[in-house]
Every structure is written in C-alpha cells, then in structure tokens.
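Structure in structure tokens, see below.
None of the values given here were measured: they were computed from a predicted structure. Read the numbers this way: they start at 1 and go in the same order the structure lists the ligands and their atoms.
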Amino acid sequence: MRGVKTWAVLKGAARLYTNERMVERAGGRFNLSDLAPIEDGAIVYSLRKVRGKEIPGEILWSGETKKIPKKFLKTRKQRDLKQKACLIPGLIDAHTHLVFAGDRSDEFIARMGGVTYDELAKKGGGIQASVRATRAVTESELFRIAKRRVTVIAALGVRGIEMKSGYGLDRATEFKQLRVMKRIEETFPEFYFRRTYMGAHAVPPGSSADAWINEICTEILPEIKARDLAHDVDIFVDDGYFDVSHATKLAEAAQRLGLGFRMHADELGNTGAAEAAAKNSALSADHLLKISRAGIAALAGSITVATLLPGTAYFLREPHAPARDLLDAGVRVAIASDFNPGSCPSFDLPMILQMAAVNYRMNSAELLASVTLSAAQAMGMKDTLGALIPGRRALFTEINALSFEGWLYTLGRWS
Ligand code: NIG
Ligand code: FE
C-alpha cells in the first residue's frame, strides 16, 4: 500500500484461482489440489495512469471477499461479480506470429484436398508467400491489421502476447514488423507484450542458411539490441530450414547481447532440436511434435519450457505432442496458439486450451498453469506474471462460469 494512491477492488468471484501453490513448485507436474480455488474471492490492485488511460498496476491483496482489509475498502472503485463469474490470472499466449499481412486461404483449400504443408512450401508458398505479402504492405497498414487482431484477442481474455517477426526476412521488413510490435505495446499498455526477432524463420530467397545466420549474428542482432527492438530471438530448426549448429551460433550471439533465446523445435521432423534448446538454455522449445525420448530427457534436465501448440497439430493433421510424457519427466509445459497464416490461423487461445484438455491428458491445474504461470516462464517473466498474488502485475481474466473446469468445458460461451 506504501506509495499507492489509487486502487480498485474486484470482489465476489464465484472462485478465485491465484496459482499461489504452483508458484513455488519446480517442474511442470501439478496436482489437482494445487488449483486451490478460493470461494467468493477478491483481488485488490493498484491503478496507474499511462498516456491518460487508467490501467491495473500490481496486485496488492487477494483472498476471500469477507477478509478484504478495511483500508482497501476506502475506495469507490469496487466491482462485485456477484458470484456469477470466476477470476483467473490473465491468459498468456506465449507463441504467436501476430504481425503479418495477407492470408493463405488458397493453401488451406489445397490442404483440404490433401496437399501437404511441405509440398506447398517447396512450390514457393508457405512462409515465403507470407513474406511477399508482408513486404508489400506499408508500416501503418501492418499496424492497423495487428491492432485489430489484438482487440479481438483481448476480448477472448488474453492479457499477455508473445509476437514474432519472421515474415520479412530482409532487414527492412523485419524491422518494420518489430516497430509495429513496439507501437502495439504503446497502444495497449494494459497488456504485456513480448517481442521476438525471428529473422531465422526461413532462408531469404537468394541467400544460404549459413550466410544468413552469420549476417544475423554479426550485423542484425547488435542493431536490434541497440534500438531495443526485441526482447528475444527465435529460430526454426527443422528439415529444410535451419539446423542445430545454426541454433547454437544464434543462441550464443543473442545471449552475449542479453537477449533471450527460444526455438521452434522438432515440429515437422526430429533434428535433435529439443536437445539443442536445452543445451543452449533456451527460454522455451516450441512445437515438439516429433520430440524423441532423448529430447524429453534433455528438456527435463534444463530450464527450458516446452511450449506446446495443439492448434498447429490439428491444422497440420499431425499427431499431438507428448504432453503427458513431458510433464511426467518433469518438464514445464506451456500451451500457446502459434497463431500464423499457415499452420495455425487461429488465435483463439481458450479454444486451443480446450483442444489440449481433450488430447493431452493434463489435469486442470496443469492446464491452468500452462496458459498463465508456465506461459509467463516461457516468456522469461516467471516472477512477474502468471499469478494473482501481491507484487505481481495485475493481469487477470474474468471467466464466465462457476469454475475453471466449467469454463473449459463451454469456454463460457453457453454457461
Ligand atoms: O510456427 N514453424 C514455423 N513457423 C510457423 C509456420 C509458419 C507459416 O507457415 O507461415 C509455425 O508453425
Ligand atoms: Fe510458430
């Protein structure tokens, strides 16, 4: 309360899920009892003004409505959910390719007819098709597209978004994407955004993988750091894209500059990418549809979060990632959308979480953590986001149901 002048009270949540019990636990395997919902719960959070907008600051208190300390009730900024909705930590989407132009519905039509993702990429479609579209639009048009998406995503309850570049490949377009992300961040100060540079999404036409990684490491990353364009760096390690030696080189260059490192790993084939992610202390290894036993063991002995993307397996018609095996081995698991124009055109994180609930054999504590606390960890924010406890940033989501499971079941859409 020290120094806090304005605050708000949100009370009467049918159930409040704080994630408090999961905060102190290592690994990713949680018990149902770790959910520990508080009946008739409340949160108190500070308010701050950013560019004229009054937005939540940090959590000052959370607990039962009837135990709210008296000093916090001395405010008119109180809202009562009347036990008709629940509160969970703000949903976090730790893997999106939010800022791109164009769509690839033509490829979707072809894939419905049986053409594969790989075949389309080999014919100059896939990532390269979105690169052409993203290069062709102006920065203000790209911003307009991204802003509209964020507005819709926020209405789904998402409060934190990781966004990658990677549909420019050349320096100018990649920087255009990153500047759009910065503007998005300034436009929506009430949410948390993580900016990732993914020049190593594909080899730019006319270049080679070796030459491009070299240029990124020696010329582009230092400039990104100097201009504060990105927090982290990502690379697509897979057959036909980049290999683990490129990943190691990129990780070293990124980390030397104080940038975080993450990887698209073992998605289309197994190239030992999960092992490379673990060895290079990546914040997260994402996809993992084709991860091996050795890859699972490597992640289990590392700080790397496994970020699983069930929407992508679904859209690619591929078997799901081995979520249960990862959790049982002690790996921390996050679930994200992978929103992109090719392999997952959906940014509906609640729906994607429901896909995980159906396919992954995770319990509800593990599922809630995967889109809050563990997603925060995948973004390098494990001590700041993902829980409704004092000192954490006040990102919260109201869910239209009487329990988290009740919401997961209907996504609050008919409850
Ligand atoms: O995460 N795997 C690489 N990148 C995206 C797909 C990119 C695209 O098809 O445009 C993914 O699945
Ligand atoms: Fe992706």
Residue that, paired with E139, satisfies side-chain hydrogen bond (donor to acceptor under 3.5 Å, both in side chains) out of R183, R179, K176: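 Single pass found, and it is R179.
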
Tally every protein N/O/S atom whose distance to the Fe ion (ligand 2) is less than 2.8 Å; waters are neither shown nor counted.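 Protein N, O or S neighbours of the Fe ion (ligand 2) under 2.8 Å, waters not counted, come to 4.
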
Listed by chain and number, what are the side chain to side chain donor-acceptor pair (under 3.5 Å) partners of N31, not counting sequence neighbours?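 Applying side chain to side chain donor-acceptor pair (under 3.5 Å) to N31 gives none.
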
Cation over ring face, R149 and F100, 6.0 Å, 45°: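 Yes; both conditions hold, so R149 lies above the ring face of F100.
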
Neighbour list for ligand 1 [protein residues, heavy atom under 4.0 Å]: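 Only H95, H97, R104, Y117, I127, Y167, H201, F236, H264, E267, H287, D338, N340, G342, S343 have heavy atoms that fall under 4.0 Å of ligand 1, ordered by chain and number.
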
Among all residues two or more places apart in sequence or in another chain, which pass the salt bridge (Lys or Arg N to Asp or Glu O under 4.0 Å) test with K279?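 With neighbours one apart ignored, the set is empty.
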
Verdict with supporting geometry, I291 and D266, side chain to side chain contact (heavy atoms under 4.5 Å, CB included): CA-CA 6 Å; I291 190 172; D266 298 333; 4.1 Å; yes

Are any of the side-chain heavy atoms of Y197 and I216 separated by less than 4.5 Å?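 With C-beta onward as the side chain, the pair touches.
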
Could you check whether H95 and H264, counting side-chain N and O atoms only, form a donor-acceptor pair closer than 3.5 Å?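 Yes.
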
If only side-chain N and O atoms count, and only distance matters, is there a donor-acceptor pair under 3.5 Å linking S245 with D243?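 Side chains of D243 and S245: pair found under 3.5 Å.
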
With no hydrogens and no angle check, just 3.5 Å: does a side-chain donor-acceptor pair link D338 and H97?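 On atom types as modelled, these side chains qualify, holding a pair under 3.5 Å.
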
